Amino acid sequence: MEPQLLMGNEACVEGAIVAGITFYAGYPITPSNEIGEIMSRRLPRLGRTFIQMEDEIASMAAVIGASIAGAKAMTATSGPGFSLMQENIGFAAMAEVPCVVVNVMRGGPSTGLPTLPSQGDVQQARWGTHGDHPIIVLTPSSVREAFDLTIKAVNFSEQYRTPVIMLMDEVIGHLREKVVLPQPESIDIINRARPTCPPEWYRPFEDNKSGVPLMAAFGDGYRYHITGLTHDEMGFPTTKPCEVDAAINRLFKKIRQGFDEIMLCETFLTDDATCVIVAYGSVARTAKSVVLQLRTAGKKAGLLKLQTLWPFPRRAIEGLPQSVKELYVPEMNMGQIYREVLRVNQGRRTVRKISKVDGELITPQEMVQVVA
Amino acid sequence: MAYRNINVYQYLRHEKKFPLIWCAGCGNGIVLGSIIRALHTLGLPKDQVVMVSGIGCSGRTSTYVDVNTLHTTHGRALAFATGVKLARPELTVLVVMGDGDALAIGGNHFIHAARRNIDMTAFVYNNNIYGMTGGQMSPTTPQGKIATTAPFGNIEQSFDVMRLAEAAGATFAARGTVFDTDRLDELVELAIRKNGFSVLEILSPCPTIYGRHNKLGSAVDMLRHLDEDTVSLDEAENIADAIKSGKIPTGVFVDIDRPEFCESYAALVKKAQGK
Ligand SMILES: Cc1ncc(C[n+]2csc(CCOP(=O)(O)OP(=O)(O)O)c2C)c(N)n1
Ligand code: SF4
């Protein structure tokens, strides 16, 4: 394909369209607005559906409803809107409804810094809705990755019947870069597995090897019940301990089994490294230049770039070479992934955080000062 | 009315789903019966019907009906239903909500679904109280009535669901009661048949909680009150007369035509595609 100049938010829309998103519902909020605006132009032309809802709670609800009726559905928002979506994100996790939520992170808490970058929603993306639940969270660090990871997000949501959150920081959302997008035909698209059995045999929440039940769309002749209440294999509410236990454990099982596939990370110059910067989003770009700078200065630095944040890619940290003695975790928050690195590190290496929450990017100099 | 019972039976889920969770004497089951009879009369295939419900005693309706059923989050049923309908406009979408569900926590979705005029039927089971959570006051608790969070009597004015629906843009709005089930059956049919956003408010007794706190007598007494306290618009000369009589008017309040959202969207798609 021809090179194009695209913004992260635009690339996200293009990725969504290639991935087969047929339904978008959203509510305006900076810095995610372009996504909804471009969707409103692009989707009708493709015969797909765009709707601006009355708030983010309704947007998330409509996305879930559309997905249940067979659409591939998504929404996009930012901090305050992400907070409002949480209850229904939990519904999607519990009822196993595929959907994608893009959160272009801005500074928080509350209305915070609407136009400035942050990575403050990392733990909210994991634990924002109440109750024990698994979740998949991806984060891009370039415009091209915004495209690729949106496709991954849609694919994972369909494959695992789960909401998938894509966290972009404001820098990536608004960054313009030259990108060459792949031919759509070369891209793998995953669609949810649907039942083919006679309707009377269908058990909508039955376990199987993958842990992901087959999903019929409303209107396809499989009449069944979907609820956010804890339910049995037939989808009906239950409080029987054995059924409740099986239901919740299966939710975790299906994601755990896919861990290797879901864990997306990239390493850069880590093979002989003595210190590694663990970074994600726009911060990973700065970290890469810092690694090169440190290498010229004679320090054996490397980079571990996380594209999957949840489930936390612990094996990527554990798998770093023995030579690595120090880990540095720069983030535009108070240390939300730092805590995770610390947790999985189990005291083996020195772990230090580099936090910044003033709405400005972490500069290479600031990183070098700590790491060098 | 034996033939009616047979019809109802075909639309229920028999395995594991009964007995109902509702109290003896609750009006919810009567509404359910009316909805099912209307589905039967209208000849709607079960595969083509979606029932979306909110959270509350009323919200449990969806569990029992053998159609495509979606039990959502408190207050959000209309927003979920909007997604279902837009993704598959050919489906008939029924939305079942309690008064708190539809008008307090879900008030925003209620007015916007009406404004959009998306083709679905909103059933508001009005028992004047929060049933599921044990009797707290709701936006339809009448002034002066007792609730567990209004122990000295409710001081807030309650919503008039019909005027709210009309002002928000619903193309059909009607009020029925579980006392007059023949009329309720007709109203349900009219509401479902309407191509646009229809609101059907159903006055339905909650003897266990609302009745007990307000000393309204037995379930049968409460049904009798429903008859005594309401007046049909067909009988009254006009709405004003009915209200002047101090009674609650029932019947069809709004029946107008306006472009339906899914149809407007289909037209927009054609325009965007330059067809
Ligand atoms: C977000 C949220 N807030 C509160 C509740 C608790 N809750 C469950 S049902 C209900 C109200 C029920 O009253 P109503 O909607 O009138 O329905 P009814 O039970 O009377 O049919 C409430 C407040 C909830 N489930 N979710
Ligand atoms: S509490 Fe009231 S509304 Fe709920 S089932 Fe009992 S009678 Fe019906």
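In the text below, chain A, chain B and the rest are named by the order of the sequence lines, each starting its count at 1. The structure presented is a predicted model; accordingly, all values stated were derived computationally and were not measured.
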Nearest heavy atoms of A/P44 and B/L268, plus distance in Å: CB-CD2, 3.6 Å
Where do B/H109 and A/E54 come nearest, in terms of heavy atoms and distance? ND1-OE2, 2.9 Å
Check this for me: B/E90, atom CD, are more than 12 non-hydrogen atoms of other residues, nucleotides or ligands nearer than 6.0 Å? yes
Answer yes or no: does atom NZ of B/K46 have more than 12 heavy-atom neighbours from other residues, nucleotides or ligands under 6.0 Å? yes
Output, in order, the C-alpha distance, side-chain angles, deciding distance and verdict of side chain to side chain contact (heavy atoms under 4.5 Å, CB included) for A/L229 and B/R60. CA-CA 11 Å; A/L229 287 167; B/R60 288 301 184 101; 3.4 Å; yes
Can you tell me which portion of A/R41 sits under 4.5 Å from chain B's heavy atoms? Options are side chain, backbone, both or neither. neither
Donor-acceptor pair, side chain of B/R88 and main chain of A/F218, under 3.5 angstrom: yes
Would you mind checking if B/R76 and A/D55 are paired as a salt bridge, meaning a charged N to carboxylate O distance below 4.0 Å? no
Answer yes or no: is there a donor N or O on one side and an acceptor on the other, between the side chain of B/Y265 and the main chain of A/F50, under 3.5 Å? yes
Heaviest contributor of heavy-atom pairs below 4.5 Å to chain A, chosen from B/L91, B/T82, B/V67, B/V50, is B/V67
Side chain from CB out, backbone as N, CA, C, O: work out which of these in A/L46 comes under 4.5 Å of a heavy atom of chain B, or both, or neither. backbone
Are there more than 12 heavy atoms of other residues, nucleotides or ligands under 6.0 Å from atom OH of A/Y27? no
Here the pair of heavy atoms bringing B/S62 nearest to A/H225 is OG-CE1, 3.4 Å
Heavy-atom distance under 4.5 Å to chain B: side chain of A/D232, backbone, both or neither? side chain
So for atom NE2, which belongs to A/H130, do other residues, nucleotides or ligands contribute more than 12 heavy atoms lying within a distance under 6.0 Å? no
I'd like to check the salt bridge (charged side-chain N to carboxylate O under 4.0 Å, His left out) partners of A/K254; sequence neighbours left out, ordered by chain and number. A/E96
For the pair B/R116 and A/M53, evaluate side chain to side chain contact (heavy atoms under 4.5 Å, CB included) and give the outcome as yes or no after the intermediate values. CA-CA 10 Å; B/R116 252 177 225 124; A/M53 294 299 287; 3.8 Å; yes
Interatomic spacing from CG in B/L86 to CZ in A/R48 - rounded to 0.5 Å: 15.5 Å
Who wins among A/G219, A/G228, A/A58 for the most heavy-atom pairs under 4.5 Å with chain B? A/G219
Minimum heavy-atom separation for A/F91 and B/T72, please, with both atom names. CE1-CA, 3.7 Å
For a 4.5 angstrom cut-off between non-hydrogen side-chain atoms, does A/R223 reach B/T69? no
Against chain A, label B/K17 side chain, backbone, both or neither, depending on which of its atoms sit under 4.5 Å from a heavy atom there. side chain
Chain B contacts, top residue of A/I51, A/I68, A/V63, A/L43 (heavy-atom pairs, under 4.5 Å): A/I51
Counting heavy atoms not belonging to B/R258, are there more than 12 under 6.0 Å from its CZ? yes
Counting heavy-atom pairs closer than 4.5 Å to chain A, which one of B/Q48, B/K85, B/R13 comes out on top? B/R13
Counting heavy-atom pairs under 4.5 Å to chain B, which of A/A66, A/G70, A/G235, A/A71 comes out on top? A/A66
Need one label for A/P237: side chain, backbone, both or neither, based on atoms under 4.5 Å from any heavy atom in chain B. side chain
So which heavy atom on B/A87 is nearest to which on A/A69, and how close? CB-CB, 3.8 Å
